2 protein chains.
Amino acid sequence: MRKLSSTNYYNQVYLEDKCALNELLYLLSKRWLTEVLFSIEEGNNRFSSIKEDLKHISDNILANRLKQLEHYQLISRQENVHEVPLRVEYTLTSSGTKLSDMLDQLCKFAESEVVFPE
Amino acid sequence: MRKLSSTNYYNQVYLEDKCALNELLYLLSKRWLTEVLFSIEEGNNRFSSIKEDLKHISDNILANRLKQLEHYQLISRQENVHEVPLRVEYTLTSSGTKLSDMLDQLCKFAESEVVFPE
DNA sequence: CTGTATCCGATAAGATACTG
DNA sequence: CAGTATCTTATCGGATACAG
């Protein structure tokens, strides 16, 4: 449970405090996270439909990414408590939508301007 | 030297192939990388001046980040071979400059729109 | 001055099994 | 259906020592 004894953890906090960009990039770089965001934007609003859309993602990781996106208020989660089986729906928040737009731009940049090795 | 036996490595390659955005985000999320990019943009064009600017970075990591930025042609490296002691200068390429602009935007978004937990 | 080589602890992705 | 818990293996950041 202990974080790294010293500099490793300290530097992470230092950089996240220095600029919000670092924290955002750290979040966005988690594998599958942007894919989940885009999948919800495209209308897959259930756990199972996202999982089906992103064929290779595991339950484990999908649940974790949904939690993180919700935690940062990029998506919202509506649980219909009284239905059996349990039915949960995810939708993008307004900042989630804005982020998705910015990532589209960044994606176009990546595809057109960045020289990827090999 | 072996990569992960199976799915872990496979998924990384799959996602990077699926969209260049994933590879770019994976690069950008490496600790200190955007800080190094911004530091060079602000005029710190020597190994030692970047190191001084980013007080807590280690030689190890700085060298690695410079190599990666150069590898993706976001910065260029000019070595003045005949000087002793060795003198090397780094500058942003045109795509490095564009990336820096897009990151500025993303940073403003992060600071104004994203709700960070706690 | 501008790096490289080696080692170590912490974290991340994924496999598998299980739950309300 | 929508997750949680536990475990394994790979990779990352940083410390330290050294080199051209």
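These numbers come from a predicted model, not from an experiment. Below, read A as the first sequence line, B as the second, and so on, with proteins coming before strands; counting in each chain starts at 1.
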Give the minimum heavy-atom separation between [X] and [Y], together with the two atoms involved.
X: Ser95(A); Y: Leu74(A); answer: OG-CD2, 3.7 Å
X: Phe47(B); Y: Asp59(B); answer: CZ-O, 3.9 Å
X: Asn45(A); Y: Ser49(A); answer: N-OG, 3.6 Å

Are any of the side-chain nitrogens in Glu89(B) or Arg46(B) under 4.0 Å away from the carboxylate oxygens of its partner?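 Salt bridge absent between Glu89(B) and Arg46(B).
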Hey, is Glu35(A) close enough to Lys18(B) for a salt bridge, meaning N to O under 4.0 Å?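 The answer is yes: the pair qualifies as a salt bridge.
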Given dG3(C), dC1(C), dG13(D), the nucleotide with the shortest approach to the side chain of Ala63(B):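 Nearest listed nucleotide: dG3(C).
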Taking the side chain of Pro85(A) as its heavy atoms from C-beta onward, which of dT2(C), dC1(D), dA2(D) lies nearest to it?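 Ranking dT2(C), dC1(D), dA2(D) by closest atom to the Pro85(A) side chain puts dC1(D) first.
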side-chain N/O [X] vs [N] OP1/OP2, d < 4.0 Å:
X: Arg46(B); N: dC1(C); answer: no
X: Arg87(B); N: dG3(C); answer: no
X: Arg77(A); N: dG3(D); answer: yes
X: Tyr26(B); N: dC12(D); answer: yes

Which atom pairs link the protein and nucleotides 15-19 of chain D when you take only N or O atoms and keep those under 3.5 Å?
from, atom 1, to, atom 2, distance (Å)
dA15(D), OP1, Thr7(A), OG1, 2.8
dA15(D), N6, Asn60(B), ND2, 2.1

In this structure, how many angstroms lie between the [atom2] atom of [N] and the [atom1] atom of [X], rounded?
X: Glu89(B); N: dC1(C); atom1: CD; atom2: C1'; result: 13 Å
X: Tyr90(A); N: dA2(D); atom1: OH; atom2: P; result: 8 Å
X: Asn11(A); N: dG9(C); atom1: CG; atom2: P; result: 19 Å
X: Tyr14(A); N: dG13(D); atom1: OH; atom2: C1'; result: 16 Å
X: Gln68(B); N: dG3(C); atom1: CD; atom2: C1'; result: 15 Å
X: Ile57(A); N: dA15(C); atom1: CD1; atom2: P; result: 11 Å
X: Leu69(B); N: dG3(C); atom1: CG; atom2: P; result: 13 Å
X: Glu52(A); N: dA2(D); atom1: CD; atom2: P; result: 12 Å

With the threshold set at under 4.0 Å for non-hydrogen atoms, list the residues of residues 27-40 of chain B touching DNA chain D in residue-number order.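 Nucleic-acid contacts, sorted: Lys30(B), Arg31(B), Trp32(B).
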Which part of the nucleic acid does Lys67(A) contact within heavy-atom distance under 4.0 Å: base, sugar-phosphate only, or nothing?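 Since only primed, P, OP1 and OP2 atoms lie under 4.0 Å of Lys67(A), the category is sugar-phosphate.
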What's Asn64(B) touching, base or sugar-phosphate or nothing? Going by heavy atoms closer than 4.0 Å.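 Since no nucleic acid heavy atom lies under 4.0 Å of Asn64(B), the category is nothing.
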What class does the angle between the rings of Tyr14(B) and His56(A) fall in, given that below 30° is parallel, 30 to 60° is tilted and above 60° is perpendicular?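 Ring orientation of Tyr14(B) relative to His56(A): perpendicular.
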Check whether Tyr26(A) forms a cation-pi arrangement with Lys30(A) (NZ or CZ under 6.0 Å from the six-membered ring centre, at most 45° off the ring normal).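 That pair qualifies as a cation-pi contact.
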Ignoring hydrogens and geometry, is there a side-chain-to-backbone donor-acceptor pair from Arg31(B) to Asn8(A) under 3.5 Å?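 Side chain of Arg31(B) to backbone of Asn8(A), a donor-acceptor pair under 3.5 Å: yes, one is there.
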